[in-house]
Amino acid sequence: MDEQPRLMHSHTGVGMAGHPGLPQHMQEGTGGTDGDGRKQDIGDILQQIMTITDQSLDEAQARKHALNCHRMKPALFNVLCEIKEKTVLSIRGAQEEEPPDPQLMRLDNMLLAEGVSGPEKGGGSAAAAAAAAASGGAGADNSAEHSDYRAKLSQIRQIYHTELEKYEQACNEFTTHVMNLLREQSRTRPISPKEIERMVSIIHRKFSSIQMQLKQSTCEAVMILRSRFLDARRKRRNFNKQATEILNEYFYSHLSNPYPSEEAKEELAKKCAITVAQVSNWFGNKRIRYKKNIGKFQEEANMYAARTAVNAANASSHGSQANSPSTPNSAGETGSFHCFL
DNA sequence: TTCGATGATTTACG
DNA sequence: CGTAAATCATCGAA
């Protein structure tokens with residue numbers, strides 16, 4: 001018990017040795033009563049704490065070193081450890097395993113689905129470009145919009161990735177910094193690995209909440225982009241003249257059974273530079289609209305019938321081919337009113 | 001701005 | 001599932 005004052009005094013003595021500039025008035029108190037001395041010691045320590053920011057780094061280092069080298073340091077450290085051991089139990093309860101945030105997962109999934117996060121989809125854009133090139137002039141307008149969308153998306157992706165990387169780096173830097181600090185401090189105060197772990201997880205949580213904000217805003221940006229562009233697929237564009245002619249040609253030359261097979265649809269889609277689904281849509285629309293008002297389409301029907309007839313005639317005269325089964329067939333069908341109904 | 005044409009989507013059915 | 005039918009939403013010419 002009586003070691004305490006001695007320890008304190010020698011402590012301050014060490015401190016004073018390292019800091020000649022500190023106020024000396026406390027030193028004079030050593031001659032007073034025990035209680036007074038203790039109070040003065042506390043005041044001394046407080047004073048030192050208050051002026052700690054005035055110290056230079058070198059002074060602080062010297063002071064720390066002095067503390068570490070003090071002969072009573074291990075004993076005091078053990079005491080601190082013991083105290084800590086008893087109090088730390090209450091803290092441990094606060095550490096619960098947090099489940100993965102469902103909202104964060106939702107954001108992650110969406111970013112992944114949109115191709116913002118995850119692997120760089122260079123192949124995807126190349127494929128799209130190839131497809132656009134293959135479709136020729138037909139898909140030009142469509143691909144123009146698409147490439148615009150793609151460019152904006154990749155812009156978002158780039159920003160997202162650089163920001164994410166920045167956060168990641170900052171987080172790592174900060175973590176290692178804190179770890180170093182704690183490791184350094186663990187020489188003078190007891191710090192359990194669990195505490196370090198906890199501190200790291202706190203840091204990570206903080207940074208991940210920042211990341212979540214980033215993901216949130218990225219998602220919003222993508223959503224806006226989607227509504228502006230991809231939902232513009234609902235903002236339809238009429239097929240070009242050539243495509244409509246090809247489709248009409250097929251329709252009127254198969255008027256008795258205007259239901260192209262899957263293969264036929266694929267071929268038509270390829271020829272018209274549209275998708276098979278669009279071919280299906282077109283035939284669905286055409287059939288119902290033709291049926292609803294045959295008279296309105298009569299002119300069109302005759303026109304295509306004549307055209308196919310001329311084509312067939314040209315083909316037969318030029319190639320002198322005996323077999324041209326589609327020609328009489330189509331001509332006959334176009335005239336007939338008892339079509340696919 | 002209007003209005004018919006037209007591609008896409010939705011609903012219902014076998 | 002593919003299709004018919006109704007409906008939506010936009011286009012494009014008048």
Side-chain angles (χ1 to χ4, degrees), chain A residues 106 109-110 113-115 121 124-125 127-153 219-308 311 326 329-330 332-341:
Chain A
R106 227 189 54 227
N109 284 339
M110 203 195 119
E114 293 300 328
K121 297 218 295 192
S125 68
S135 65
D141 51 346
N142 192 14
S143 78
E145 271 181 31
H146 232 106
S147 73
D148 200 10
Y149 170 81
R150 198 174 292 285
K152 289 230 160 64
L153 187 65
C219 270
E220 274 170 27
V222 170
M223 289 306 267
I224 291 168
L225 191 65
R226 257 185 99 91
S227 67
R228 282 254 309 278
F229 284 87
L230 232 55
D231 259 14
R233 72 192 151 176
R234 196 182 177 93
K235 198 173 182 174
R236 67 183 180 77
R237 296 201 55 83
N238 290 352
F239 300 152
N240 61 43
K241 206 160 170 61
Q242 198 186 339
T244 339
E245 283 191 16
I246 291 167
L247 293 167
N248 271 318
E249 206 168 302
Y250 187 98
F251 180 78
Y252 287 113
S253 55
H254 298 75
L255 202 48
S256 66
N257 187 33
Y259 297 87
S261 65
E262 193 59 32
E263 297 84 51
K265 281 183 191 172
E266 280 169 17
E267 193 175 333
L268 285 167
K270 203 161 76 176
K271 275 204 273 190
C272 301
I274 58 180
T275 67
V276 175
Q278 283 177 305
V279 173
S280 296
N281 282 339
W282 190 91
F283 273 90
N285 284 322
K286 190 73 182 180
R287 279 190 300 260
I288 193 69
R289 281 161 187 166
Y290 180 85
K291 197 172 78 174
K292 258 190 169 174
N293 193 350
I294 296 179
K296 197 169 62 181
F297 289 90
Q298 200 55 54
E299 199 183 334
E300 190 179 63
N302 291 335
M303 193 185 86
Y304 279 99
R307 185 177 304 189
T308 51
N311 283 347
S326 67
N329 224 358
S330 62
E333 281 176 78
T334 317
S336 69
F337 284 95
H338 58 280
C339 48
F340 58 92
L341 298 170

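We use all heavy atoms of the structure for the numbers below, so side chains are in, but hydrogens, waters and symmetry mates are not. Below, read A as the first sequence line, B as the second, and so on, with proteins coming before strands; counting in each chain starts at 1.
- Atom pair N240(A):CG and dG7(B):P shows a separation of 11 Å (rounding to whole Å applied).
- In terms of phosphate contacts, K292(A) brings no side-chain nitrogen or oxygen within less than 4.0 Å of OP1 or OP2 of dA4(C).
- One finds the CH2 atom of W282(A) at 10.0 Å from the CZ atom of R287(A) (value rounded to the nearest 0.5 Å).
- In terms of the salt bridge (charged side-chain N to carboxylate O under 4.0 Å, His left out) criterion, K265(A) has no residue partners (sequence neighbours excluded).
- In this model, the phosphate group of dG7(B) is not approached by any side-chain N or O of N281(A) to a distance below 4.0 Å at OP1 or OP2.
- One can place CD of E266(A) at 12 Å from P of dG2(C), the figure rounded to the nearest angstrom.
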Output side-chain donor-acceptor pairs under 3.5 Å for residues 268-279 of chain A, partner residues at least two apart or in another chain, one line each.
| unit_1 | atom_1 | unit_2 | atom_2 | d |
| --- | --- | --- | --- | --- |
| T275(A) | OG1 | Q278(A) | N | 3.1 |
| T275(A) | OG1 | Q278(A) | OE1 | 3.4 |
| Q278(A) | OE1 | T275(A) | N | 2.9 |

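- Residues passing the salt bridge (charged side-chain N to carboxylate O under 4.0 Å, His left out) test with E245(A), sequence neighbours excluded: R307(A).
- Screening residues 277-286 of chain A for salt bridge (Lys or Arg N to Asp or Glu O under 4.0 Å) gives K286(A)-E300(A) as the qualifying pairs, with residues at least two apart or on separate chains.
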Filtered N/O pairs between nucleotides 4-6 of chain B and protein, under 3.5 Å:
| unit_1 | atom_1 | unit_2 | atom_2 | d |
| --- | --- | --- | --- | --- |
| dT6(B) | O2 | R236(A) | NE | 2.9 |
| dT6(B) | O2 | R236(A) | NH2 | 2.5 |

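- Under the side chain to side chain contact (heavy atoms under 4.5 Å, CB included) criterion, R289(A) pairs with N285(A), F297(A), not counting sequence neighbours.
- Overall bending of the helix from dT1(B)-dA14(C) to dG14(B)-dC1(C), expressed as the angle between end axes built from five pairs apiece, is 10° (10° steps).
- Whole-Å rounding puts the L247(A) CG to dA8(B) P distance at 11 Å.
- Side-chain nitrogen and oxygen atoms of Q278(A) include none within less than 4.0 Å of the OP1 or OP2 phosphate oxygen of dG7(B).
- Residues satisfying the salt bridge (charged side-chain N to carboxylate O under 4.0 Å, His left out) test with E267(A), not counting sequence neighbours, are none.
- Between the C1' atom of dT10(B) and the CG atom of N285(A) lies a distance of 12 Å, rounded to the nearest Å.
- Ring-plane geometry between F251(A) and F283(A) is classed as tilted, the angle between the planes lying from 30 to 60 degrees on a 0 to 90 degree scale.
- When the C1' atom of dT10(C) is taken as reference, atom CZ of R237(A) falls 10 Å away, rounded to whole Å.
- Atom P of nucleotide dA6(C) and atom CD1 of I288(A) are separated by 7 Å, given to the nearest angstrom.
- Residues that satisfy the side chain to side chain contact (heavy atoms under 4.5 Å, CB included) test with A306(A), not counting sequence neighbours, are absent from this structure.
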